[in-house]
Amino acid sequence: MTRPPLRRPQAGTLILRGSVLLTAALACTGLLWTTFAHAQQTEIPALPPGATPASPTPVTPGTAAPERPGNLSAEQLTYGKLSFAGQAVQSVTLFGAEYASVDAVRSLLSATEDGGIVRVTGLGHTLLLPIDEDQQRATTDFNTVQLDTNRVQARTATYVNGTLHLPLDTLARGLGAQYRAGSFTVPAPSLVGVSSRAGKDTDRLVLDLNRDVEVLDEQRGGNAVVTLRGLKGEARKYTTRGAFVPSVTLARSGEDLTLTFPLTAASGLRVFKVVRPGSVRVVVDAGPGVPRTNPELLGRVTRPLVLLDPLTVQGVGRDITLEVARRAALLMTQAGWQVKVTRDSANTMKLDDKLVLTRQSDVYIALDLGRLPGAKRSGVTVYEQAGRSSAQLVNAVRTGSAKPPYAVLAVGNGGNSRKLSELLRGELKGGGVTASAENTTRILTLREAPQAALLMELGWANNAEDLAKLGVDDRLDVMAVSLARSVATYLTARANNNANLSAGGTP
């Protein structure tokens, strides 16, 4: 039988003439912008230092707004049908330019109005369009609009029958979409290119996309995983010249594309986007030069705590439970796992101190001998906790009534103990020891442990045959090796399967 290894997974004044002028500046923390106004030889004073624009309010279709005097002729205003990102909606053609209402585009975009400007966001882009109540003038390209950080001349927003409408050609230009009369198409997101750069203490990966997608970065065991939702791309492996990210693997995961690479405990991870007209870059930095900003709880994925609790049994000669605990702890420590034992031959941890460690543990295993006067029992038994935990928070998370951040790292369900029990009994069987499985409610520390917790009875103190077997070092070695291997296998699988959203995630 081939057994798995024990190694741990690793934000002045301007003159506006004739039409509309947008002033905007891009600060390092976001987009800071003033306002539009209609003026003839009019000065628009800047906002006083420290002042901020009023909070945007959602545009409400149907809100009354001044119309241009007189009725438009059939040649100047016509209604039609538009295929907008696959949905059939109504459009309006004003003086030859096609418009759609803000309500018609809500499936793809959001729009808020403030001080004569409409802010349109979607697909990772931000568009600032002035609202010109003169419909004919709005449809000319004498207007200044802002597409992300670029100011260009284009058609702008206006009201039609009291409802705010947006110019489709301007939207397509700012969003990188394809537009022709009657059809507004958003290209499927796809990967255009991959590049890398090696640095002194940070390596960089750059993914070029044709449009924005949702991006999540995670840590799975010793790997960083960046998931790009709904992105099309080829599954392949890339090698780099970096010392911290020597290679990356692109793979398909359902409808998503994932980027995976090793991430050492000393390296930080940073993921951000650079949105440009018609394209988006996803930048991934990794290495010791990147600050580690993850919540401390995430460290338990790669640095879990194993607590071994050898109970004291009097009158059986050698200290069997302590010997097994020490041997198992040595094996796991040598393989890189964090292991603590609650006592040694001279000192025993106080119950309160033991409970503190138990509540912090990822694996808690008590070692004992069966002791019941007159009982005619023998052999090895592995017990799981049955019933409710002593801790209200643990019960609340397990029943779903409380869902704190990263709860899966803090509290495991009953299935964790069962998996560990199965692994332990399997390892024992491979070493020639048959162990039975039972439930118990009588062990306080099992009830307090938030993750996997077991009681392992090595045999029975009043059974001569059991004591004789436990007097042989080979028998104790089988117990220790089985315990160490099962815990290492369980924790490795838990780290690899437990994807944890990091604080640097980019939704």
Side-chain angles (χ1 to χ4, degrees), residues 14-24 31 33-47 53-54 56-80 82 90-106 109-122 125-175 179 181 184:
L14 299 177
I15 305 297
L16 180 64
R17 301 177 183 274
S19 185
V20 184
L21 178 63
L22 167 67
T23 63
L31 196 62
W33 50 281
T34 61
T35 183
F36 285 103
H38 293 294
Q40 298 290 337
Q41 304 290 341
T42 303
E43 286 194 352
I44 303 178
L47 292 172
T57 55
V59 174
T60 304
T63 301
E67 292 287 349
R68 190 180 178 211
N71 295 322
L72 298 180
S73 66
E75 291 78 15
Q76 296 168 327
L77 172 62
T78 59
Y79 292 88
L82 168 70
Q90 187 183 63
S91 66
V92 173
T93 300
L94 286 173
F95 300 94
E98 193 172 18
Y99 279 66
S101 70
V102 292
D103 191 49
V105 302
R106 288 194 191 282
L109 308 172
S110 65
T112 55
E113 180 186 358
D114 179 42
I117 303 172
V118 60
R119 180 187 184 96
V120 181
T121 57
H125 298 273
T126 299
L127 287 56
L128 300 179
L129 312 181
I131 303 172
D132 197 334
E133 296 169 1
D134 186 315
Q135 295 170 330
Q136 185 173 10
R137 188 171 59 198
T139 63
T140 69
D141 60 3
F142 300 141
N143 305 285
T144 299
V145 303
Q146 180 146 333
L147 310 179
D148 291 321
T149 60
N150 299 317
R151 283 179 288 177
V152 300
Q153 303 299 117
R155 289 183 244 274
T156 191
T158 191
Y159 287 100
V160 178
N161 296 327
T163 300
L164 187 61
H165 279 61
L166 306 174
L168 291 168
D169 56 351
T170 304
L171 293 182
R173 183 175 176 181
L175 300 173
Y179 166 72
F184 189 100

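Below, each value reflects all heavy atoms present in this structure, side chains not excepted, and no hydrogens, waters or symmetry copies.
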**Student:** Any side-chain heavy-atom pair from Glu133 and Tyr159 closer than 4.5 angstrom?
**Tutor:**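 They are in side-chain contact.
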
**Student:** So how far is it from Glu113 CD to Leu164 CG, rounded to the nearest 0.5 Å?
**Tutor:**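 One finds 6.0 Å between CD of Glu113 and CG of Leu164.
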
**Student:** Who pairs with Ala172 by side-chain contact (heavy atoms from CB on, under 4.5 Å), at least two apart in sequence or on another chain?
**Tutor:**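 Residues passing side-chain contact (heavy atoms from CB on, under 4.5 Å) with Ala172: Ala177, Tyr179, Phe184.
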
**Student:** Is any side-chain heavy atom of Asn143 closer than 4.5 Å to one of Leu129?
**Tutor:**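 When only atoms from C-beta onward are counted, Asn143 and Leu129 do not touch, as no gap falls below 4.5 Å.
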
**Student:** Rounded to the nearest 0.5 Å, what's the gap from CD on Gln90 to CG on Leu82? Could you check?
**Tutor:** 10.0 Å

**Student:** Checking Tyr99 now: which residues fulfil ring pair (Phe, Tyr, Trp, His ring centres under 6.0 Å) with it, not counting sequence neighbours?
**Tutor:**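 With sequence neighbours excluded, Tyr99 shows a ring pair (Phe, Tyr, Trp, His ring centres under 6.0 Å) to no residue whatsoever.
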
**Student:** Which residues satisfy the side-chain hydrogen bond (donor to acceptor under 3.5 Å, both in side chains) test with Gln153, sequence neighbours excluded?
**Tutor:** Thr144

**Student:** Would a 4.5 Å heavy-atom cut-off, applied to side chains only, mark Asn161 and Val92 as touching?
**Tutor:**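 They are not in side-chain contact.
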
**Student:** Does the Asp148 side chain pair with the main chain of Asn150, one donor and one acceptor, at a distance under 3.5 Å?
**Tutor:**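 Here the side-chain-to-backbone pair does not exist.
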
**Student:** For Gly122 versus Leu109, what's the shortest heavy-atom pair and its separation?
**Tutor:**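 It is CA-CD2, 3.9 Å.
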
**Student:** For a 4.5 angstrom cut-off between non-hydrogen side-chain atoms, does Leu127 reach Val145?
**Tutor:**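 The answer is no; the side chains never approach within 4.5 Å.
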
**Student:** Excluding sequence neighbours, so at least two apart, what forms side-chain hydrogen bond (donor to acceptor under 3.5 Å, both in side chains) with Ser91?
**Tutor:** Glu98

**Student:** Contact between Leu94 and Leu77 at the side-chain level, heavy atoms closer than 4.5 Å - yes or no?
**Tutor:** yes

**Student:** For Thr156, does its backbone N or O pair with a side-chain atom of Thr170 as donor and acceptor, under 3.5 Å?
**Tutor:** no

**Student:** Could I get the full list of side-chain contact (heavy atoms from CB on, under 4.5 Å) partners for Ser101, not counting sequence neighbours?
**Tutor:** Asp103, Ala104, Thr163, His165

**Student:** Identify the two heavy atoms, one from Asp132 and one from Ala138, that lie closest to each other, and give their separation to 0.1 Å.
**Tutor:**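 In this case the closest contact between Asp132 and Ala138 is CB-CB, 3.8 Å.
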
**Student:** Would you check if Val102 and Leu166 make a side-chain contact, meaning some heavy-atom pair closer than 4.5 Å?
**Tutor:** yes

**Student:** According to side-chain contact (heavy atoms from CB on, under 4.5 Å), who are the partners of Thr121, at least two apart in sequence or on a separate chain?
**Tutor:** Ser110, Arg119, Thr126

**Student:** Is there any salt bridge (charged side-chain N to carboxylate O under 4.0 Å, His left out) pair reaching into residues 156-168, and which pairs are they, with sequence neighbours excluded?
**Tutor:**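 Salt bridge (charged side-chain N to carboxylate O under 4.0 Å, His left out) check on residues 156-168 returns no pairs.
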
**Student:** Which atom names give the shortest non-hydrogen contact between Val120 and Leu171, and what distance separates them?
**Tutor:** CG1-CD2, 4.2 Å

**Student:** Can you tell me how far OG1 of Thr149 sits from NE2 of His125, rounded to the nearest 0.5 angstrom?
**Tutor:**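 Spacing of NE2 (His125) from OG1 (Thr149) equals 11.0 Å.
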
